[in-house]
A.B. asks: 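Here's a structure for you.
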Amino acid sequence: PSFRLLFLQLDVPKADLTVKVTGKQWYWSYAYPDNGKFEFDSLLAQDKQPRLLGVDNEMVVPVNKVIRIQTTGADVIHSFAVPAFGIKIDSIPGRLNETWFKATKTGMYYGQCSELCGKDHAFMPIAVRVVDDQEFASWVDAAKKKFASNPAGTYASVGQAAQ
Ligand SMILES: [Cu+2]
């Protein structure tokens, strides 16, 4: 029976939305190819609860929709795991892995990097905020302005500018 389940997990149903998740040392970046292709970084927020799980910019998705996750690594191997959705998939440089989930309730869901990836492996949480359709649409509108028009504001480019 477990093999049947493992097999079915890999069969990605028709997705309502795709989010591309890139694991980096030591944070995640989320890209929304279906919603204007904006991308943003999600960094551990020291001042947020729950401790070690709160981030500055959450991954936001609509409730009751099939969300396809495509994941890769930018530097070393990471792993994208969200226990509440039953997903765990390696984020490997040079490779695009796929998985999916469908959240049936709104709210916050958390996960952590699950492949030892260096110094701050324990400090690159995954925070997913599941919202209704209307809230998702307004978040997308705001996110397009906040992230797409200002690529210089992302963590990675701030790091490059400092070099
Ligand atoms: Cu990692």
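First listed ligand is number 1; within each ligand, the first listed atom is number 1.
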A.B. asks: Quick one: CZ on Arg129 to OH on Tyr110, what's the gap to the nearest 0.5 Å?
C.D. replies: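 Taking CZ in Arg129 and OH in Tyr110, the distance rounds to 10.0 Å.
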A.B. asks: Treating Glu98 as the side-chain partner and Arg68 as the backbone partner, does any N or O pair qualify as donor plus acceptor under 3.5 Å?
C.D. replies: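 Not confirmed, Glu98 side chain does not pair with Arg68 backbone.
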A.B. asks: Can you say whether the rings of Phe85 and Tyr109 are parallel (under 30°), tilted (30 to 60°) or perpendicular (over 60°)?
C.D. replies: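 Ring orientation, 0 to 90° scale: tilted.
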A.B. asks: Would you say that Pro93 contacts Ile77 through its side chain, given a criterion of any heavy-atom pair below 4.5 Å between the two side chains?
C.D. replies: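 With C-beta onward as the side chain, the pair touches.
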A.B. asks: If you link I, L, V, M, F, W and Y whenever their side-chain heavy atoms are under 4.5 Å apart, who else ends up in the same group as Val55?
C.D. replies: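 Via sub-4.5 Å side-chain contacts, Val55 links to none.
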A.B. asks: Side chains of Thr71 and Ser91 only: does a donor on one sit below 3.5 Å from an acceptor on the other?
C.D. replies: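 Distance-only check passes for Thr71 and Ser91.
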A.B. asks: Counting no waters, how many protein N/O/S atoms sit under 2.8 Å from the Cu ion (ligand 1)?
C.D. replies: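 Protein heteroatoms (N, O, S) closer than 2.8 Å to the Cu ion (ligand 1) number 4.
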